[in-house]
Protein chains: 4
Amino acid sequence: MPTKKKPTAASRPERRTELLAVAAQVFAAQGYDATTVRGIADEAGMLAGSLYHHFDSKESMADEILSTFLTGLRATCGAVLDAGLGPRDTLEALVTASFRHIGRNRAAAAIYRTEGAHLAGRPGFPRLAGVRPVLEEALSRTLERGAADGSFRRDLDTRLACRLLRDAIWGTASWHEPGAGPGQDHGELARGYLTLLLDGLTPRV
Amino acid sequence: MPTKKKPTAASRPERRTELLAVAAQVFAAQGYDATTVRGIADEAGMLAGSLYHHFDSKESMADEILSTFLTGLRATCGAVLDAGLGPRDTLEALVTASFRHIGRNRAAAAIYRTEGAHLAGRPGFPRLAGVRPVLEEALSRTLERGAADGSFRRDLDTRLACRLLRDAIWGTASWHEPGAGPGQDHGELARGYLTLLLDGLTPRV
Amino acid sequence: MPTKKKPTAASRPERRTELLAVAAQVFAAQGYDATTVRGIADEAGMLAGSLYHHFDSKESMADEILSTFLTGLRATCGAVLDAGLGPRDTLEALVTASFRHIGRNRAAAAIYRTEGAHLAGRPGFPRLAGVRPVLEEALSRTLERGAADGSFRRDLDTRLACRLLRDAIWGTASWHEPGAGPGQDHGELARGYLTLLLDGLTPRV
Amino acid sequence: MPTKKKPTAASRPERRTELLAVAAQVFAAQGYDATTVRGIADEAGMLAGSLYHHFDSKESMADEILSTFLTGLRATCGAVLDAGLGPRDTLEALVTASFRHIGRNRAAAAIYRTEGAHLAGRPGFPRLAGVRPVLEEALSRTLERGAADGSFRRDLDTRLACRLLRDAIWGTASWHEPGAGPGQDHGELARGYLTLLLDGLTPRV
DNA sequence: CATGAATGAGTCTTCATTCAT
DNA sequence: TATGAATGAAGACTCATTCAT
């Protein structure tokens, strides 16, 4: 029987995704530990026990939310790095793409930013445990490349700059303004940030 | 009667402070909700129940840790703003002082950064509820002043810059490297960050 | 939406009632504070935590037991007063009906008699807090009416007589003889008491 | 060494008595189980631990309060019975003396009435465990004697009458009116009650 | 005698999870 | 798939009691 699926994951992938979106929202709003399975179920219009027809556990929900988000981020960063652009353009593309990915997965990003470190250390988050900080690595490599070839200041403290960029990018995940439009901002935001940052990174004329 | 102490809040202030330091460490390492009172007590070398001789509740411990930290930060920022420096020097001083305060209260800062938003919304954190984002306000005001008087670029997007600075500063709270020396770094770190940032903020020659 | 039930107050009313009966028995036997939730659960053949599927708290159980009992007593007294009988017949009916109600709810009555006053003062017993002493009021009114119209001695100290009656009636709640048959006694008991009491209240021939 | 006393009872009997009076008040007001040792200590102006210089345990305090009260009641009843009065006078004397004793030890009486039955069943109340219901026995004997010799109605249901008297007497322990004068009432009260009761008990002319 | 810090047992309550219907 | 009753393991908190100072 080729249709044999995992025991508990027996629901339409459609429904799964819906439920994960709800769960992500609740996790982001209250924190993973403060979120009860019943809280998620309430929000989804069902009873707590019913969630277990779709997921193995509360942990597995969060693990899936986060690893899906991170897989997407990895793909995004990988595509940018593989595009063969120069350091400056690569940096721009990384920032822009990150903003977009975070903006499109606000809840997951918020969970990851605030609780990723704690959760990764726990058993029950296997997919989260081994994850490398992709974005940070991409930034680091790009900055070093640019500092070496003169795209950026030669005396740039790349480790510091990397952290600054990283924190700036992830910081946006916390701007919980749900009122803000979902999509179009990311572009402007990224450009604004880049203006601020690049003018500090680029060597003077 | 100033000598009348609350029943539980008694105990010599010395011990209180010690215990709060321990608690802060554990909260920072595991997250507030994942931390058990027994975990704190273990670390402090006593039994869980004994903590209640010094504190009213787990919540009150966290509330006190965070509000003490924030009160200090407010004082720090206030002193800088009151010094009557120009926008650029004020900004430098704010960043330096913040780094120092965060560096000296690493655990509290980490808790605040990762869980402040969640915790402030809960009952049981009265002192945290009404707190204004002091640092952010100080940064915002300083940036606007500098943009107006030409200390910074006149076309500066102050809101964006404020957020960038804020996220950069708070980001350091997460750099958990306990190996890093506790004291001397903050100065260099602040200077390094300022170099990166100011060169982007200052108008071109 | 009348079908919207409180989350915990759900469960079929049948089971609720059963559990409350068990709880009442245990409360009556050991006292409210000395009763542990686990003790009730043991008696009900379930685990302590499972009780919280039916009730919000230990307090709410006792509150419901007592307020249900008192509501019934109020209805009983009200019906008697509304029957339009003369003072003497009203008094007889009040005593008889009270005995019956107490006899049919022995456990609740015992709890109320011994702990009602203490519990009503605590938070967590909202339904008990505002309750008027219905039976006492009914007795008082009837005695005064009878003293005025000559059904009882004109020089009757109604306040004293009211208390005597009240204490006599409630006293039966303590006669915990579980061996005594549940039903038929109340009638005889009430008649016996009335003989004792009325011959003292009725004017001499 | 003839001055060797019990280990913990090492305080002036004076102080002991004071503290027991405080304890009785608190027990009566809140119930034995709901009363904390610290609550008693607060009321006594000392710390919880300090009470253990005077008493072995919370249980021993209550046990002493109750057994002292009951010993006094036994003596009182005994004296009345030994006076060699007729049934009617004996009954009057019993009621009057009981009222007085209860009125002078309001708190202890209230504790006994509401919690005596529960507490006597627990270990830790040795002096309370074996106690006979002296008052009830005295009443019962007197009623039977009177029914036999014609002092009371010959067809009197002595068991019922005994209970009625008992409940009426103990009922006064609950009349918590702390405003009411402490002493002089008991006489009037007893006389009032006796009027009510005796006119029902005495055979008709 | 009194203090106050600490103990250790126990209580109520929560919650993720299971499972028969 | 969904329900709702039940489980069992924990967790926060309380409190009688002890003891060194």
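Residue numbers start from 1 in every chain, and the chains themselves are labelled A, B, ... in the order their sequence lines are given, proteins ahead of strands. No hydrogens, no waters, no symmetry mates; every other heavy atom, side chains included, goes into these values. This is a predicted model, so every value here is computed, not measured.
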| Got a sec, which pairs hit salt bridge (charged side-chain N to carboxylate O under 4.0 Å, His left out) with one end in residues 17-33 of chain D, sequence neighbours left out? | D/Arg15-D/Glu18, D/Asp33-D/Arg122
| request: Using the salt bridge (charged side-chain N to carboxylate O under 4.0 Å, His left out) rule, collect all pairs that involve residues 39-49 of chain B, keeping only residues at least two apart or in two chains. | output: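 Every salt bridge (charged side-chain N to carboxylate O under 4.0 Å, His left out) pair that includes a residue of residues 39-49 of chain B, provided the two are not neighbours, is B/Arg38-B/Asp42.
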Compare all side-chain heavy atoms of [X] with those of [Y] and state whether any distance is below 4.5 angstrom.
X	Y	result
B/Pro126	B/Asp63	yes
B/Leu47	B/Ser50	yes
B/Leu19	B/Met46	yes
C/Leu70	C/Leu128	yes
C/Glu115	D/Thr114	no
B/Glu64	B/Arg127	yes

| Are C/Tyr112 and C/Leu119 close enough, and set up right, to give a side chain to side chain contact (heavy atoms under 4.5 Å, CB included), and what steps lead you there? | CA-CA 9 Å; C/Tyr112 179 67; C/Leu119 296 181; over 6 Å; no
| note | The residue, C/Leu19 or B/Thr36, whose nearest nucleotide of DNA chain F is more 5′ is C/Leu19
| message | Taking the nucleotide of DNA chain F with the nearest heavy atom to each, does D/Thr35 or C/Gly45 sit closer to the 5' end? | response |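 Residue closer to the 5' terminus by nearest nucleotide: C/Gly45.
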| Near DNA chain E, under 4.0 Å by heavy atom, which residues of residues 57-65 of chain C? |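 Only C/Ser57, C/Lys58 qualify.
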| request: Would you name the heavy atoms of B/Met61 and B/Leu51 that are closest together and state the gap between them? | output: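 So the two residues come closest at CE-CD1, 4.1 Å.
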Round to the nearest Å and state the distance from [X] atom [atom1] to [N] atom [atom2].
X	N	atom1	atom2	value
C/Leu47	F/dA9	CG	P	9 Å
D/Asp42	E/dT3	CG	C1'	14 Å
B/Phe55	F/dC13	CZ	P	13 Å
D/Arg122	F/dA16	CZ	C1'	13 Å
C/Arg38	F/dG8	CZ	P	13 Å
D/Glu14	E/dC1	CD	P	10 Å
A/Ile40	E/dT17	CD1	P	10 Å
D/Met46	E/dG4	CE	P	12 Å

| remark: Dot-bracket for DNA chain E, 5' to 3', Watson-Crick and G-U pairs with both distances under 3.5 Å, [ ] for crossing pairs, | for partner on another strand, reads .||||||||||||||||||||
Atom pairs, N/O to N/O, protein against nucleotides 18-21 of chain E, distance under 3.5 Å?
none

| Whole-Å P distance, E/dC1 and F/dT21 |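 Going atom to atom, P in each nucleotide, I get 22 Å.
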| query | Does C/His54 make a side-chain N or O approach to OP1 or OP2 of F/dG4 shorter than 4.0 Å? | reply | no
| Below 4.0 angstrom from OP1 or OP2 of E/dG4, is there any side-chain N or O of B/Arg15? |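 No, because none of the side-chain N or O atoms of B/Arg15 sits under 4.0 Å from OP1 or OP2 of E/dG4.
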| said: Would you call the rings of A/Phe27 and A/Tyr32 parallel, tilted or perpendicular, taking 30° and 60° as the class edges? | reply: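 Aromatic pair A/Phe27/A/Tyr32 classed tilted.
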| said: Going by side chain to side chain contact (heavy atoms under 4.5 Å, CB included), name the residues that satisfy it together with C/Ala24, two or more places apart in sequence or in a different chain. | reply: C/Ile65, C/Ala107, C/Ile111
